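Comments concern the structure below.
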Amino acid sequence: MSTSEHDYESLGLVAGLEIHQQLDTETKLFCDSPTTLREPDEAERTLRRFLHPTKSELGELDEAALEESRVDREFEYLAYDTTCLVEEDDEPPTEVDGEALAVAMQIASLLDMRVVDQVHVMRKLVIDGSNTSGFQRTMLLGQEGEIETSDGPVSIVDLMLEEESAQRVEEREDGVLYSLDRLGIPLVEIGTGPDIRSPQQAKEAAQRIGMLLRSTGKVKRGLGTIRQDVNVSIAEGARVEIKGVQDLATIDELVEYEVGRQAELVEIAEELRDRDASVGETTDVTALFEETDSGVIGGALSSGGRVTAVPLYGFDGLVGRELQPDRRLGTELSDHAKRHGAGGIFHTDELPAYGVTDEEVVALRDAVDAGENDAVAIVAADPETAKLAIDAVAGRAETAIEGVPEETRGANEDGTTRYLRPLPGAARMYPETDVPPVEPDPSEVETPELLTEKVDRYEAELGLDAGLAEQVAYGRRMPLFEEAIAAGIDPTLAATTLESTLTELRRDDVPVGNLSDEQLLSVLFLVDGGDLAREGLTEVLSELAENPSLSAEEAIEAAGLGGVDENEVRDVIAGVVERNADQVAEEGMAAFSGLMGECMAELRGKADGETVSSILREEIGKRS
Amino acid sequence: MHPGDRVRVTRDDVTNEGVLMPSSDSDNLVIKLDGGYNIGIDRAEATVDVLETNVYDVGDDDTDDTDDSGDVSEITFEDDLPTISLISTGGTIASTVDYRTGAVTAQFDAEDVLRAVPELAGRANYRGRVVANILSENMDPSIWSDLATAVYEEIDAGADGVVVMHGTDTMQYSAAALSFMLETPVPIVFTGSQRSADRPSSDNVMNAICAVEAAKADCAEVLVCMHGSESDDSCALHRGTRVRKNHTSRRDAFETIGNQPLGTIAYEAATDDGADGSVATAAIEFVREYTERGERSLSIADDLEPAVELVKFTPGMDPRAWDYLDGMAGVVIEGTGLGHVHTDLIPRIESLVDDGTVVVMTSQCLAGRVCDRVYDTGRDLLDAGVVEAGDTLPGTAKVKLMWALANLAGEQTAVRDAMRSDLAGELTEESQPWR
């Protein structure tokens, strides 16, 4: 097993990316509901629905869609006081949201794409219940773009603006529970051409696109708001679509492991063909395990289950061969068994083990006429599942003789992947007649400044240090920072407050997530205008975070920092000087630094250091 | 270059290949790309090469291919199943989508309906028949007569129940019309869909199945069968003269005014219980008395007096708006509250009555009955000759007056009496609280 030493050029690696990013707009794409996510227990009511793709439609449905749809699946939806009848498919959609369209056009411009003259909203058939309507509204907005990577350009084929699906809350025996809060949030889908030739280039392209997206300041941040799909193939392998990569940092590893998997499968296939390998008939071998000590098999049998087996002639030793870290050909067979409801498989490359004895293995080999060069895989489950699952295992084993199967796989956290389903066929699409076409005007859209350019500008023009500049530019509160400095607030004050101060408060378990942009902005204004001392900033922010219903002014009051004018400050300072009259008489201005500390402590942030220091100097001066 | 041709379109440095669609405007070429997306490309800026002509038939979607109205199509599963007639007036309860072209085609004959709603198979034998192919806002009283005749003929030919598929906008008027025109020994059930049949989430499937099950059942009245809530759990069965569309888009838009629906039908239970042709008795519940199957014998009186208007009085109304009522055979007023109009309009009503127009009062409150003996205005209206229609719904009162004027012999008194009494469940004798 080698993963990092591949010669990608000679293996013929071809990869492409498909990136889905939620937009952070005020309202959803086809209604005026906010794009706010909710907790399931905040739901106000629920509704239950069935979807009915008609027979003529089913006739054209592909294998993947069929696997997802069973006609009597019932879907339940959670509705909130932030969702409306459009999400419930009980009211026609509005026209395309103007803000979402503008952001998508900015993205098109950053990707150097051509925006189409007239955008047509389409309905893409989706019958797994994740869209209440049974279709996803989607539109092709941009074509033929390009991004740069250090290994050369990567083409961007298309940019789609579409509805996000409903969030899956719970999988049930006969259906799914979905939450409507996420349904309809604007989502852009960006597809690259098959131009990527190395794992590093895949990562760099994904990072580049991610940076471009965030440069708009209008994309959602946080878990699940961006999803990457990666398409990978090698010359002798097959196109494999890997879904649901959440972490950009693992894309290179993911591609590397997938290349490794395909290369191993190609070698296994060659070996199998050399050995003239074949897959035998599946059979029921329950009788061999009547007395078994294996907990897994015994458990299945005691609840009326069966054991099924398939002989894999010529497979000995190969079923246990590693394709990716800790994932073997046997794991692939097992994935297919799981897909049909079984818990997994046992195979002779790993037996005897798990309570299955040597005698049982010998009996099993005998029963299916498997010699020492052969392998046997078994499944224990309820009778129907055991039959379906072993057939699926046999099918996957057949494919192993041919090579790498085309399929959709899911990304695991460690960078490996698992089988999900066959590749989807062509999407079933028809026009969304409820929404008129839009003729977008790209000239109305300003190309946003790139985050990389922002960092440079923050350093050069605003005088931020490099670290802070990058932190602010790439941070979540970049749009707020821009708003603050546009309003004339001191850039360093804004940057340190929005990054360092909030980070420190978060580390102290202050719920800074409660702070709204408006609250942060008004606190910054108060500091900048001299109505709140810098020294009181931290205290006011934590007061606000704990009591988010307060205004900034109320929080200042609540923190006991309000209502000081210069006379009061002077009184306090004069008092301090008075108390220390002897020291002042003795040391003169040299007493300043000691008394400064005492004054600040007494004023507790009611006045800023500069004011205190100048008054203190005056007061000391009066006495010396 | 024609719709359906495969074309290559170049605009600046971008080239697209796809099928030319019937364009929605003259400025843009609409191309369906191979991935399924449609895009519009500026005609003036584009260079087009036709690669292959006539790849797909993408003729206009609304081509009327149903000039076979009056034809009856039949599907028989088992001889001993009940026979249900499916009559269409043009709502799109059944339609198919061609994913290559995006064309949505409304379908009408029995086979088409079964293809669109396969769950209907086996629960009855079907006869399919098209009476009209119109949007329901284009419904016309002459079609009510055609519809009543078609239903009459179907029942006469042995149908055990009739399902009328109808657009939802004016379904309540058609249901009221048939309620007055027909005496029926079997159920006549109107149904339709609020959410188009070209979406997998359409309410058409549940409504159609419940309507067929209601048509197999025991309540031999004209009913409207539509979603009872936003969920796909049960349909409400409304009496045709008491029902009203009360929401523009929701599945459960139809409500019985001033009372619970006459009955409900549980979707999943009815689907299971009626699958083999049985009557899904346990799934259907009625909360009030109804006319039972076979209780009445079949008869038809489908004449209508066309010169009847329904007018709504609102504050600030220009009295000249009523000028056109001169010479009408009947006028139904949708008055305020207990049944009032501006005092200045009373002489106008008086002169209409004197000229032989039957003037009937209903209320825009919808729920509750008209009572013109309480206030002076009301008493003056009665003196002017207005007929109180009790708690009859304004729309129903219009249909009833059209029917009464055409069918009740000669004397105006007979018409006036009829408007004050219950003929088809439209007017309750006493106002009982909801039950």
Side-chain angles (χ1 to χ4, degrees), chain A residues 45-58 60 69 71-72 74-77 79 85-86 88-92 113-114 116-127 129 131-135 138-141 143-144 158 160 426-431 433-434 436-439, chain B residues 11-16 21 24-25 27-30 32-43 45-46 94-104 114-119 194-202 204-206 229-233 247-252 267-268 271:
Chain A
R45 53 205 198 90
T46 64
L47 46 146
R48 302 185 306 137
R49 295 275 172 75
F50 298 92
L51 290 178
H52 305 276
T54 65
K55 211 165 212 172
S56 59
E57 288 160 351
L58 277 173
E60 295 186 15
S69 107
V71 178
D72 37 359
E74 186 179 51
F75 306 111
E76 188 169 3
Y77 298 95
L85 288 183
V86 173
E88 295 177 20
D89 188 49
D90 249 345
E91 187 174 288
M113 303 187 89
R114 160 85 62 185
V116 304
D117 294 324
Q118 193 182 42
V119 177
H120 288 248
V121 182
M122 307 299 290
R123 298 170 170 179
K124 186 195 274 184
L125 205 67
V126 177
I127 49 176
N131 287 71
T132 44
S133 55
F135 50 74
T138 174
M139 62 201 102
L140 177 64
L141 183 74
Q143 297 184 300
E144 301 213 5
D158 42 28
M160 266 73 83
R428 304 294 161 201
M429 276 203 250
Y430 57 111
T433 42
D434 294 346
V438 191
E439 287 173 28
Chain B
R11 161 143 168 44
D12 297 335
D13 50 348
V14 179
T15 300
N16 281 293
M21 305 301 289
S24 48
D25 62 56
D27 295 337
N28 288 284
L29 296 165
V30 179
K32 174 169 283 294
L33 305 178
D34 295 339
Y37 283 93
N38 289 9
I39 59 169
I41 303 169
D42 193 333
R43 271 180 204 270
E45 302 288 327
S95 63
T96 55
V97 177
D98 183 328
Y99 293 110
R100 287 164 310 179
T101 64
V104 179
L114 251 72
R115 208 173 297 126
V117 188
E119 295 89 337
Q194 277 285 82
R195 307 299 288 143
S196 59
D198 56 33
R199 55 182 66 215
S201 61
S202 175
N204 67 336
V205 171
M206 169 166 140
S229 74
E230 278 196 285
S231 288
D232 290 342
D233 48 14
H247 196 277
T248 56
S249 60
R250 280 173 63 138
R251 288 162 167 72
D252 55 352
Y267 174 46
E268 285 171 273
T271 305

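All chains are named by letter (A, B, ...) in the order of the sequence lines, taking the proteins before the strands, and each is independently numbered beginning at 1. Here the structure is a predicted model, which means the values were calculated and not measured. Keep in mind that the numbers below use all heavy atoms, side chains included, and drop hydrogens, waters and symmetry copies.
One N or O on the side chain of A:Asp90 and one on the backbone of B:Arg251 form a donor-acceptor pair closer than 3.5 Å. Within the 3.5 Å criterion, the main-chain N or O of B:Glu230 finds a donor-acceptor partner in the side chain of A:Arg49. With A:Tyr430 contributing its side chain and B:Asp198 its backbone, the two residues share a donor-acceptor pair below 3.5 Å. In terms of modelled atom types and a separation under 3.5 Å, the side chain of B:Asp42 and the main chain of A:Asp117 share no donor-acceptor contact.
In this structure, OH on B:Tyr37 lies 7.5 Å from CG on A:Asp158, to the nearest 0.5 angstrom. Here the straight-line distance linking atom CZ of B:Arg195 with atom CD of A:Glu91 works out to 8.5 Å at 0.5 Å rounding.
For A:Pro436, no part lies near chain B; criterion is any non-hydrogen pair under 4.5 Å. Contacts between A:Leu85 and chain B at a heavy-atom distance below 4.5 Å involve the side chain alone, from C-beta outward. For chain B, no part of A:Glu76 is nearby; none of its heavy atoms comes within less than 4.5 Å. A:Ser133 touches chain B through backbone and side chain together, each having a heavy atom under 4.5 Å away. For A:Asp434, the part lying near chain B is the side chain, with the backbone staying farther off; criterion is any non-hydrogen pair under 4.5 Å.
A:Phe135 is listed as a side-chain neighbour of B:Arg199, based on a closest heavy-atom distance under 4.5 Å. Taking 4.5 Å as the limit, every side-chain heavy atom of B:Val205 sits out of range of all side-chain heavy atoms of A:Phe50. B:Asp13 has its side chain out of reach of A:Glu144: every pair of non-hydrogen atoms, C-beta onward, lies at least 4.5 Å apart. Contact annotation: the side chain of A:Glu74 approaches that of B:Glu268 to within less than 4.5 Å [non-hydrogen atoms, C-beta and beyond].
Put simply, of A:Val116, A:Leu47, A:Leu140, the one with the most heavy-atom pairs under 4.5 Å next to chain B is A:Leu140.
Salt-bridge check for A:Arg114 with B:Asp12: passed, with a basic side-chain N closer than 4.0 Å to an acidic carboxylate O.
Shortest non-hydrogen contact noted between B:Asn38 and A:His120 is O-CB, 3.4 Å. Nearest heavy-atom pair across A:Met429 and B:Gly35 is CE-O, 3.1 Å. Of all non-hydrogen atoms in B:Pro200 and A:Leu125, the two that sit nearest each other are CG-CD1, 3.5 Å.
The closest side-chain donor-acceptor pair between B:Asp27 and A:Gln118, if any, does not fall under 3.5 angstrom. There is a side-chain donor-acceptor pair under 3.5 Å between A:Asp89 and B:Ser201.
Considering A:Met122, A:Gln143, A:Met139 in turn, A:Gln143 is the only one that fulfils the side-chain contact (heavy atoms from CB on, under 4.5 Å) rule with B:Ile39.
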